[in-house]
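As structure tokens, the structure follows; a few thoughts come after it.
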There are 2 protein chains.
Amino acid sequence: MSSTTSTTSTTSTLGFAILALLARADSTGYEIASRMRNPVAYFWTASHSQIHTDLQRLLSAQMVAYDRAPGPGPQDKKVYTITAKGRDALREWITTPPRPQPERDELVLKSYAAWLADPAALMEMFRTALHRHEERLAEYERAWASLEEGAPPLFGTPKFGNMAALRCGLGYERHRVEWCRWMLDQLSRSLNPSCEAAKPNDE
Amino acid sequence: MSSTTSTTSTTSTLGFAILALLARADSTGYEIASRMRNPVAYFWTASHSQIHTDLQRLLSAQMVAYDRAPGPGPQDKKVYTITAKGRDALREWITTPPRPQPERDELVLKSYAAWLADPAALMEMFRTALHRHEERLAEYERAWASLEEGAPPLFGTPKFGNMAALRCGLGYERHRVEWCRWMLDQLSRSLNPSCEAAKPNDE
DNA sequence: ACTATCATGTAACCCGTTACATGATTTA
DNA sequence: TAAATCATGTAACGGGTTACATGATAGT
């Protein structure tokens, strides 16, 4: 019999993001949402509404299960667990190559059109962007330092995943900081094109 | 009178991407789609169907206009132009700070869950990712070189935008290449944890 | 008294992808 | 003769955001 439940359940990427979190620790839907807003898991966020609906889909695909527990509100809270089936699906998904996702970056788009706009206003925009990236970078650096304190991360432990994702975040923010600084430099030159040689080193 | 057409037209980001392209050269919808698939404008893509519908919206908001010209197919082709109103809206949009967009990156998500999966399969995945990024990087480097050949880019000319976007692309691909190499190194260590110091350079 | 945190859910809407539909010209 | 390129459009569907709706407890 093909009762191995060929559920046609084309679990969305968010579904796997949820499974990846549940594989580390059982959580309520609410907790999953908040964990996604925390340092390491920045790279896949979702609103609580979407998480709840997705959990229901995962539930009907038998990839998660839950235990009821008395909740603060009118309804019980549901503490979700990943099932064996869910873990298998997740494990399989991890190593299937993601197809190249179209990159959409509003700031880069704006930079592409920057030649039409006011340089001073542009500089302010890039200054705020720079600050955001510097803050993120500092945050990641703190997280990295605290990771390196403990034992070296073994493959097979969640810590390996933390370092992998963090390492990417660090590189990304460094690249962004660098680019914003370069943009500011270019823009400031366009404002006062007087001293062009008196620039010690740009990159 | 408020007949300055307060069209409530909250032109989408794609709308501005289209305007940014039209500000450089008049195009048909088809051409806009193909221009988005070209080196410099990779950072904002869209399918032709979406572009056509968006052009209709921009048209009703009087941000673009078009001239009919005999087309190859059954219908005339429409060569779109940006209007003064469109250019004003674009110019204003460029300097309004984009609100931080949630970063969603499937490969990073997979790396976060990598501790659960098979190292060898992971290595293959990261190897193909590495190749893709190396190719992109080479492409960007060629484009950069050809940009540097001509006259230095003046603010106020499209070339400034090309360099700004390209510079970002270069930094991004370099960061990605670096991260993929680091991942491969980590994974290979987990496969044979014997010689940890004797690793000169893979690739 | 008000706000924040914890906790669950539904409904409307927007943006984007994929598939459907048509058809001339050029190239392999 | 088959395909790729040029060229325009519609329709269905999926994923994501925002807003709506409820309500207890803890802190300011």
Side-chain angles (χ1 to χ4, degrees), chain A residues 8-18 26-38 42-61 64 66-80 98-106 109, chain B residues 8-18 26-38 42-61 64 66-80 98-106 109:
Chain A
T8 331
S9 63
T10 27
T11 318
S12 67
T13 308
L14 175 59
F16 289 111
I18 292 171
D26 297 351
S27 302
T28 65
Y30 184 90
E31 281 167 341
I32 290 170
S34 70
R35 284 172 72 189
M36 281 183 176
R37 271 178 267 113
N38 274 22
Y42 276 153
F43 47 81
W44 208 279
T45 25
S47 54
H48 78 272
S49 56
Q50 211 190 339
I51 286 165
H52 283 299
T53 52
D54 246 64
L55 276 170
Q56 283 168 38
R57 281 208 279 138
L58 288 170
L59 191 69
S60 63
V64 298
Y66 66 83
D67 287 315
R68 288 182 174 283
Q75 287 158 102
D76 278 1
K77 71 174 181 178
K78 299 173 179 177
V79 182
Y80 286 91
R99 44 182 191 150
Q101 40 190 10
E103 328 202 20
R104 275 189 198 96
D105 194 318
E106 212 175 310
L109 179 56
Chain B
T8 331
S9 63
T10 28
T11 317
S12 67
T13 309
L14 176 58
F16 289 111
I18 292 171
D26 297 351
S27 302
T28 64
Y30 183 90
E31 281 168 341
I32 290 170
S34 69
R35 284 172 71 189
M36 281 184 176
R37 271 178 268 115
N38 274 21
Y42 276 155
F43 47 82
W44 208 278
T45 25
S47 54
H48 79 272
S49 55
Q50 210 190 339
I51 287 166
H52 283 298
T53 52
D54 246 64
L55 276 169
Q56 284 168 37
R57 281 207 279 139
L58 288 170
L59 191 70
S60 63
V64 299
Y66 67 83
D67 287 316
R68 289 183 172 280
Q75 288 159 99
D76 278 1
K77 70 174 182 178
K78 299 172 179 178
V79 181
Y80 286 91
R99 41 182 192 150
Q101 41 190 11
E103 328 202 19
R104 275 189 197 97
D105 193 316
E106 212 175 310
L109 179 56

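Letters go in sequence order (proteins before strands), and every chain restarts at 1.
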Minimum-distance pair of heavy atoms, taken over all atoms of Gly15(A) and Leu58(A): O-CD1, 3.8 Å

His48(A) NE2 - dG15(D) P separation (whole Å): 19 Å

Bounds of contact between DNA chain C and chain A, in 5' to 3' order, using a heavy-atom cut-off under 4.0 Å: dT5(C) to dT18(C)

Leu14(A) CG - dG14(D) C1' separation (whole Å): 13 Å

Toward the 5' end of DNA chain D, by each residue's nearest nucleotide, Ala46(A) or Asp76(B): Asp76(B)

NE2-OG1 distance between His48(A) and Thr53(A), expressed to the nearest 0.5 angstrom: 9.5 Å

Value in whole Å for how far the P atom of dG15(D) lies from CG of Leu58(A): 12 Å

Any protein N or O atoms within reach of nucleotides 23-28 of chain D? Criterion: under 3.5 Å, listing atom names and distances.
from    : atom 1 : to       : atom 2 : distance (Å)
dA24(D) : O4'    : Pro72(A) : O      : 2.7

Atom pair distance, as rounded to whole Å: CG in Asp54(A) and P in dT17(D): 12 Å

Results of ring pair (Phe, Tyr, Trp, His ring centres under 6.0 Å) for Tyr30(B) - residues two or more places apart only: none

Which donor-acceptor pairs under 3.5 Å do the side chains of residues 69-79 of chain A make with protein atoms, sequence neighbours left out?
none

Between Thr11(B) and Arg57(B), a side-chain donor and acceptor under 3.5 Å: no

Sugar-phosphate only, base, or nothing, as touched by Gly71(A) at under 4.0 Å among non-hydrogen atoms: nothing

Sugar-phosphate, base or nothing in reach of Arg99(B), heavy atoms under 4.0 Å: sugar-phosphate

Residues in ring pair (Phe, Tyr, Trp, His ring centres under 6.0 Å) contact with Tyr66(B), at least two apart in sequence or another chain: Tyr80(B)

Close side-chain approach of Ile51(B) to Leu55(B), heavy-atom, < 4.5 Å: yes

d(CD, Gln56(A); P, dG14(D)) in whole Å: 17 Å

d(CZ, Arg37(B); P, dA4(D)) in whole Å: 15 Å

dT17(D) phosphate, OP1 or OP2, under 4.0 Å from Arg104(B) side-chain N/O: yes

Sugar-phosphate, base or nothing in reach of Arg68(B), heavy atoms under 4.0 Å: nothing

Any side-chain donor near an acceptor of the partner, Arg35(B) and Ser27(B), under 3.5 Å: yes

Sugar-phosphate, base or nothing in reach of Ser47(B), heavy atoms under 4.0 Å: base

Nearest atoms (heavy-atom pairs only) where Ala46(B) meets Leu14(B): CB-CD1, 3.7 Å

Nearest-nucleotide comparison on DNA chain D, the residue closer to the 5′ end among Gln75(B) and Pro102(B): Gln75(B)

Backbone of Phe43(A) reached by a side-chain donor or acceptor of Arg104(B) within 3.5 Å: no

Gln101(A) vs Asp105(B) side-chain heavy atoms within contact, under 4.5 Å: yes

The helix from dA1(C)-dT28(D) to dA28(C)-dT1(D): angle between end helix axes, five pairs per end, rounded to 10 degrees: 30°

Whether Glu31(B) side chain and Thr28(B) backbone form a donor-acceptor pair below 3.5 Å: yes

Touch class at under 4.0 angstrom, heavy-atom based, for Ser49(B) against every strand present: base

